[in-house]
**Student:** 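I have a structure here, written as structure tokens, and I will follow up with some questions on it.
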Amino acid sequence: MAVRILFLGPLQDLAGAAERMVEGPLDWPGLIRAVGPAVAAQLQDEKVNVACAGELLMDRSALSARDGDEIALLPPVSGG
Amino acid sequence: MAVRILFLGPLQDLAGAAERMVEGPLDWPGLIRAVGPAVAAQLQDEKVNVACAGELLMDRSALSARDGDEIALLPPVSGG
Amino acid sequence: MIDARLLEKGFSAGQALAHFARANPDSGGIASFVGKVRPDGDVKALHLTHYPPLTLPGMEELARKAMERFALEGILAWHRIGFLRPGAPIVLVAAAARHRRDSLAAVDFTMDHLKSAAWFWKREKRDDGWHWIAPRGQDHADLARWD
Amino acid sequence: MIDARLLEKGFSAGQALAHFARANPDSGGIASFVGKVRPDGDVKALHLTHYPPLTLPGMEELARKAMERFALEGILAWHRIGFLRPGAPIVLVAAAARHRRDSLAAVDFTMDHLKSAAWFWKREKRDDGWHWIAPRGQDHADLARWD
């Protein structure tokens, strides 16, 4: 078991992969370290939303992921 | 030949007919006399438009219909 | 492309829209509105009359105005005349445009004008006979938004 | 009645609207918008991705908001995912209401939210490869109208 980090939309190009598995537990500073510098720079932008275990986080810095959780990094959307 | 007066929409109930033929030529006072009191009362309302020979009149009082012309009395609409 | 019609018989809005989409293949979006005879209370039928020398020419002029005002690639405006049953479509408007907001605004604009500035008169048959439908104040307020 | 769907394959907007009309027989009017992949310059294909745990639930929540805000009798919101060719429909929104203005405003509202507040990411394939499509400032301005 581990924490799965999903890179949505353009973030997957920056991460070089659609997802990455890391050891849990994982908090916000741990996530910043785990995603590499290119994605970390994007996470400075408040417009990148974060979901954990299927729930959107109102406060990203309160992230607390355990083994088995999925973290999704959701950059600004362009639907319709 | 004569002037045909068409009563559109609810005016035809007031006129008791969908149309009436009268002697031409016909001006605005002549039209008022020709349509009967019930329709004449409606024509006081500026919202009743008048067309002559297929053209909407900008100024109804300038009506000048000749034999063979059709005058249409067009009350407020309710389409769509 | 302008497609303005007066229809004496019923029509399928879905088929008309499918045809309109094929006729405007390059548009980014198509907005539409279909209005139906409301199956309300005791209304048995609706009768729509018009004035042939003015009605269709007026609809074509309205369609041209909408084309210019909203940068459309195509517009469709179909209106029924004659006798209609509850549930039957009365009016269909569709607008094809490069940009979404243009197509929606064009449909809104065209419907407001068909409601209170096009040459149609409606009456409905209820249990106690035929009644002319008076213009609604709301329709005129809607129209005034475009001045 | 809410009909929100994510579609992995192409669909016919005309058929969907005909079905929606039958499902809402008592509404006075139905407004709709269909957005297509614009056959623009050298775009060969569009790829739409989403995030399953959030995307469809978000569309359903949006549809519920529109139902309440605009007194609708029904709303349909379908959105494609996967690979699309130029000319293919991406999104279809339809709203059935007693009053015309409600149905048109509901489509406008729902489209604005699908454009910039729903979990979709688009990229397009051009001669020189795939490019992510950035959100447009205009889309956010459109969305802010509803606050």
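These numbers were taken from a predicted model, which means no experiment stands behind them. Just so you know, these numbers use all the heavy atoms, side chains as well, and skip hydrogens, waters and symmetry mates. Chain letters run A, B, ... following the sequence lines, proteins first, then strands; residues in each count from 1.
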**Student:** Should we count CD of A:E19 as having more than 12 external heavy atoms under 6.0 Å?
**Tutor:** yes
**Student:** List in chain and number order the residues that pass side-chain hydrogen bond (donor to acceptor under 3.5 Å, both in side chains) with D:D112, two or more places apart in sequence or in another chain; answer none if no residue qualifies.
**Tutor:**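 For D:D112 the side-chain hydrogen bond (donor to acceptor under 3.5 Å, both in side chains) partners, ignoring immediate neighbours, are C:R100, D:R145, D:W146.
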**Student:** Under the ring pair (Phe, Tyr, Trp, His ring centres under 6.0 Å) rule, collect the residues that match up with D:F11, sequence neighbours excluded.
**Tutor:** D:W78
**Student:** Under 4.5 Å heavy-atom distance to chain A, tell me which part of D:H113 shows up: side chain, backbone, both or neither.
**Tutor:**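 Looking at D:H113, nothing touches chain A.
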**Student:** So for atom CZ, which belongs to A:R4, do other residues, nucleotides or ligands contribute more than 12 heavy atoms lying within a distance under 6.0 Å?
**Tutor:**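 For A:R4, atom CZ is not crowded (no more than 12 foreign heavy atoms under 6.0 Å).
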**Student:** Got a donor-acceptor contact below 3.5 angstrom from the D:W121 side chain to the A:P75 backbone?
**Tutor:**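 Flag set: sc D:W121 to bb A:P75 pair under 3.5 Å.
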**Student:** In Å, rounded to the nearest 0.5 Å, how long is the span from CH2 of D:W119 to CG of A:L74?
**Tutor:** 5.0 Å
**Student:** Within a reach of under 6.0 Å around CZ of D:R85, are more than 12 heavy atoms found that belong to other residues, nucleotides or ligands?
**Tutor:** no
**Student:** Identify the two heavy atoms, one from A:S78 and one from D:K122, that lie closest to each other, and give their separation to 0.1 Å.
**Tutor:**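 What the structure gives for the nearest pair is O-CE, 3.0 Å.
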**Student:** Would you compute the distance between atom CG of A:L8 and atom OG1 of D:T55 and round it to the nearest 0.5 angstrom?
**Tutor:** 8.0 Å
**Student:** Would the number of heavy atoms belonging to other residues, nucleotides or ligands and lying under 6.0 Å from NE2 of D:H19 be above 12?
**Tutor:**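 No, the 6.0 Å shell around NE2 holds no more than 12 heavy atoms from other groups.
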**Student:** Report, in residue-number order, which members of residues 124-136 of chain D are under 4.5 Å from chain A by heavy-atom distance.
**Tutor:** D:W132, D:I133, D:A134, D:P135
**Student:** Which residues, numbered in order, of residues 31-47 of chain A come under 4.5 angstrom of chain D by heavy-atom distance?
**Tutor:** none
**Student:** Return yes when atom CD of D:Q15 has more than 12 non-hydrogen atoms of other residues, nucleotides or ligands closer than 6.0 Å, and no otherwise.
**Tutor:** no
